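Quantities reported herein were computed from a predicted structural model and do not represent experimental measurements.
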Amino acid sequence: MSVEDLAQAPPHAAARAGSTVAARAGERNQTRTIWLDVALALLMFTIAIIPRAAWVAYNDRPPQGLNDPTLYNLFADIMADGGGYTRPTGEPFAYYPVGFPATVAGLKKATDLIGAERGIFEIKMMNGVFGAITVVMLFLLVSRLVDRRAGVVAGALLAVFPSQIFY
């Protein structure tokens, strides 16, 4: 709207033109806020994945003894090979929740499909990625519930918390 149009228009037209400008400014601020949240989420992921990947690379060895990691790996192999969630004898099994072995089985099946060799390193890196994604989710949740500064602090603390990296 030009100045001449506003002079000849009814009085509420000027207010409407001003509200359009304010709405556009609000949209720009909202877009800027979204980009800032995305950039901070990527930064949180980076801060979280670096120590986890370093720990996995340093501690790359197969599980020792007959314990949970060994059994999870065994059940994932059986599931990836089409045997379902069963014991090696073929009996149905439900001692452990199926979520983690099924996720590992999916990873193993994906490596089979691309022709790669199954290994423990990939499973450990998958856990590291899930841990880093948890940091991002915590950052976003706290940012929405409290404010962005609290989200950054919570995410950064979880990203470098030693027990979250080692396990």
Side-chain angles (χ1 to χ4, degrees), residues 27-28 30-167:
E27 288 174 9
R28 280 194 301 268
Q30 185 177 11
T31 302
R32 203 172 295 135
T33 299
I34 290 171
W35 280 110
L36 180 60
D37 284 343
V38 168
L40 286 172
L42 289 173
L43 179 66
M44 289 289 125
F45 183 84
T46 304
I47 291 170
I49 197 65
I50 289 172
R52 285 160 177 77
W55 178 249
V56 167
Y58 173 76
N59 191 29
D60 186 28
R61 64 179 175 83
Q64 307 295 313
L66 188 62
N67 52 23
D68 287 354
T70 302
L71 293 173
Y72 284 139
N73 192 34
L74 173 69
F75 295 132
D77 279 333
I78 294 169
M79 290 169 70
D81 292 336
Y85 196 37
T86 60
R87 297 174 192 230
T89 59
E91 305 167 355
F93 186 76
Y95 180 75
Y96 296 110
V98 72
F100 186 70
T103 305
V104 173
L107 178 67
K108 288 176 179 261
K109 192 63 172 178
T111 58
D112 290 348
L113 292 174
I114 63 170
E117 191 174 320
R118 291 181 182 179
I120 300 295
F121 183 78
E122 293 81 14
I123 298 168
K124 291 180 179 182
M125 279 305 297
M126 180 187 70
N127 272 344
V129 169
F130 287 160
I133 290 170
T134 302
V135 169
V136 172
M137 290 175 20
L138 178 71
F139 157 71
L140 292 172
L141 180 67
V142 174
S143 293
R144 296 307 179 264
L145 293 177
V146 183
D147 65 2
R148 186 177 293 122
R149 187 179 322 171
V152 168
V153 170
L157 286 174
L158 185 64
V160 298
F161 199 72
S163 67
Q164 295 296 317
I165 295 168
F166 299 142
Y167 297 109

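Donor-acceptor pairing under 3.5 Å is recorded for the side chains of Asn67 and Thr70.
Of the possible polar contacts, one joining the Lys124 side chain to the Arg61 backbone as a donor-acceptor pair under 3.5 Å is found.
The nearest pair of heavy atoms linking Ala80 to Arg118 is CB-NH2, 3.5 Å. The shortest heavy-atom contact between Ile123 and Val104 is CD1-CG1, 3.6 Å. Considering all non-hydrogen atoms of both residues, Leu74 and Pro88 come closest at CD2-CG, 3.6 Å. Nearest heavy atom pair, residue Ile47 against residue Ala159, reads CG2-CB, 3.7 Å.
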Worked check of side-chain contact (heavy atoms from CB on, under 4.5 Å) between Gln164 and Thr134: CA-CA 10 Å; Gln164 295 296 317; Thr134 302; 5.9 Å; no
Stepwise side-chain contact (heavy atoms from CB on, under 4.5 Å) test for Phe45 and Val135: CA-CA 7 Å; Phe45 183 84; Val135 169; over 6 Å; no
Verdict with supporting geometry, Asn73 and Lys108, side-chain contact (heavy atoms from CB on, under 4.5 Å): CA-CA 10 Å; Asn73 192 34; Lys108 288 176 179 261; 2.5 Å; yes
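Judged as a side-chain contact (heavy atoms from CB on, under 4.5 Å), and not counting sequence neighbours, the contacts of Glu122 are Leu107.
From Met125, atom CE reaches atom CH2 of Trp55 across 14.5 Å, with rounding to the nearest 0.5 Å. Taking CE of Met44 as the reference point, atom CG of Leu42 lies at 10.5 Å (rounded to 0.5 Å).
Within the structure, the ring-ring contact (aromatic ring centres under 6.0 Å, His included) test picks out the following pairs touching residues 80-109 (sequence neighbours left out): Tyr72-Tyr96, Tyr72-Phe100, Phe75-Tyr85, Phe75-Phe93, Tyr85-Phe93.
Thr33 pairs with exactly one of Thr31, Leu36, Asp37 by the side-chain contact (heavy atoms from CB on, under 4.5 Å) rule, that one being Asp37.
By the 6.0 Å contact criterion, CD on Glu117 is open, its count of non-hydrogen atoms from other residues, nucleotides or ligands being 12 or less.
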